[in-house]
Protein chains: 2
Amino acid sequence: MAFLLAQIGAHATERFAERIAALDLSPAQAGLLRAVASEPGRSQQAVAEQLGVQPSRFVALVDELEQRGAVERRRNATDRRLYALHLTAQGELLMRDVGQVGQAHENDICSALSPADRATLRELLQRVADQQGLTPGVHPGYRR
Amino acid sequence: MAFLLAQIGAHATERFAERIAALDLSPAQAGLLRAVASEPGRSQQAVAEQLGVQPSRFVALVDELEQRGAVERRRNATDRRLYALHLTAQGELLMRDVGQVGQAHENDICSALSPADRATLRELLQRVADQQGLTPGVHPGYRR
DNA sequence: TATTGTTATACTCTATAACTATA
DNA sequence: TATAGTTATAGAGTATAACAATA
């Protein structure tokens, strides 16, 4: 079972990477966008720590998304060492596309299962994830 | 759901890598051992193609396992370009240890689930794997 | 002196493709 | 000329750690 989970997980990751590449995004960039969208205004360090990525790598990720106009660094007035991360209006539009790609990916991966099967599978997977101490929304692969 | 599968799969892969490192093996080496054990005597190219690894990388993997005395290259008498891959007696013992590590890993990953839950989960996952065209026993991550 | 963010360096890993031997 | 296996080179990606600015 553990092997089957690893196998399907790696496959799902690969297929998502292919799909998201159509938006000229890497999976790590999509994860960063999602993290900023879900809680705007946090510092780079706070988001990097949540995702488990090294600061130096995180800076490069933000650089790419900032140059592309999707993410904005705002200086914190009271502590000028910090940047607050926000999505731009363009970034919000991009996130909508990311959501659509995610939906298509979801339909693809689950297409062998009925709605009832999906609910059962989700419940079982959620129990495994909880017991293993996984953080919701954080993919361990971001660490690499 | 697709994200949950990717998340759990990456976690399971990481945990297995940690466990198998106690035997001084990488996941890719363990996969190679397993492939050779399941069908001994195949050529390097045949096994490399099944696992989806590049020939140059495959040679390095075999080198490591051969130097360690777990795997043996036997010249094919009728076509001296080919090597037939076999486990040594020591390699068989190592495979037994790999099996025990795999069992401990399996118990860990599934520990949130009852036997009935595990059977249900396995059946659902197998349907997803079949529909997605995954090859039994071949982890897509070996390609990287 | 400690902390946030940045940059530079070195290292690891891998794919590409050139090479050897056998057919 | 084609194929199995090997080796060498170059490129991508990453972590480590030094650095600059601010507290």
Side-chain angles (χ1 to χ4, degrees), chain A residues 10 13-14 17-18 20-21 24-32 35-36 39-67 71-86 139-144, chain B residues 10 13-14 17-18 20-21 24-32 35-36 39-68 71-86 138-144:
Chain A
T13 299
E14 259 184 16
E18 289 168 14
I20 206 76
D24 200 25
L25 287 174
S26 67
Q29 288 174 327
L32 171 45
V36 171
E39 195 176 333
R42 284 187 292 172
S43 71
Q44 296 193 180
Q45 187 165 287
V47 179
E49 190 184 4
Q50 184 211 352
L51 296 181
V53 312
Q54 221 86 33
S56 61
R57 192 182 163 212
F58 192 81
V59 167
L61 285 174
V62 175
D63 283 349
E64 292 156 10
L65 291 171
E66 189 184 40
Q67 278 160 34
V71 157
E72 196 182 357
R73 285 171 162 114
R74 295 193 200 150
R75 277 280 183 207
N76 183 317
T78 62
D79 185 342
R80 293 180 49 76
R81 291 175 303 182
L82 284 73
Y83 282 114
L85 295 177
H86 292 268
H139 193 297
Y142 291 154
R143 286 206 286 272
R144 275 170 247 169
Chain B
T13 300
E14 258 183 18
E18 289 168 14
I20 206 75
D24 199 27
L25 286 174
S26 67
Q29 288 174 327
L32 172 45
V36 172
E39 194 177 334
R42 282 187 293 172
S43 71
Q44 295 193 182
Q45 187 166 288
V47 179
E49 190 185 3
Q50 185 210 353
L51 296 180
V53 312
Q54 222 87 32
S56 62
R57 191 182 163 212
F58 192 81
V59 166
L61 286 174
V62 175
D63 283 349
E64 293 157 9
L65 292 171
E66 187 184 41
Q67 278 160 33
R68 158 176 191 158
V71 156
E72 197 182 358
R73 284 173 163 113
R74 294 191 200 153
R75 277 283 182 203
N76 182 318
T78 62
D79 185 341
R80 292 179 49 75
R81 290 175 304 184
L82 282 74
Y83 282 115
L85 295 177
H86 292 269
V138 177
H139 193 297
Y142 291 153
R143 286 207 286 273
R144 275 171 249 171

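A, B, ... follow the sequence lines: proteins, then strands. Residue 1 opens every chain. Bear in mind that the values here come from a model prediction, so they are computed numbers and not experimental data.
A residue-by-residue look at A:T78 and B:Y83 shows that B:Y83 has its nearest nucleotide of DNA chain D further toward the 5' end.
Atom C1' of nucleotide D:dG5 and atom CG of B:L82 are separated by 9 Å, given to the nearest angstrom. Atom CD of A:E49 and atom P of C:dT4 are 10 Å apart (whole Å). Atom CG of B:L61 and atom C1' of C:dA15 are 14 Å apart (whole Å). For the pair B:R74 CZ and D:dG5 P, the computed distance is 15 Å after rounding to whole Å. Distance CZ (B:R80) to C1' (C:dT20): 14 Å, rounded to an integer number of Å. The nearest whole Å value for the distance from the CD atom in B:E66 to the P atom in D:dG5 is 13 Å. Rounding to whole angstrom units, CZ of residue A:R75 and P of D:dA23 are separated by 9 Å. Atom P of nucleotide C:dT4 and atom CD of A:Q54 are separated by 15 Å, given to the nearest angstrom.
Set against C:dA2, D:dT6, C:dT7, the side chain of A:D63 has C:dT7 as its closest nucleotide. Taking the side chain of A:R73 as heavy atoms from C-beta on, and the options D:dT6, D:dA23, C:dT6, the nearest nucleotide is C:dT6. The side chain of A:R57 has D:dT14 as its nearest neighbour among D:dT14, C:dA23, D:dG5.
Annotation for B:A35 and B:V47: closest pair CB-CG1, 4.0 Å, computed over non-hydrogen atoms. Closest approach of A:L85 to A:V62, counting heavy atoms only: CD2-CG1, 4.2 Å.
A:Q45 comes within 4.0 angstrom of sugar-phosphate atoms only, judged by non-hydrogen atoms across all strands, and of no base.
Between B:L25 atom CG and B:R68 atom CZ the span is 4.5 Å, to the nearest 0.5 Å. The CZ atom of A:R81 lies 10.0 Å from the CG atom of A:N76; values are rounded to the nearest 0.5 Å.
In this model, a side-chain donor or acceptor of B:S56 finds a partner on the base of C:dT16 within 3.5 Å.
One side chain, A:Y83 or A:R75, offers a donor N or O that lies under 3.5 Å from an acceptor on the other.
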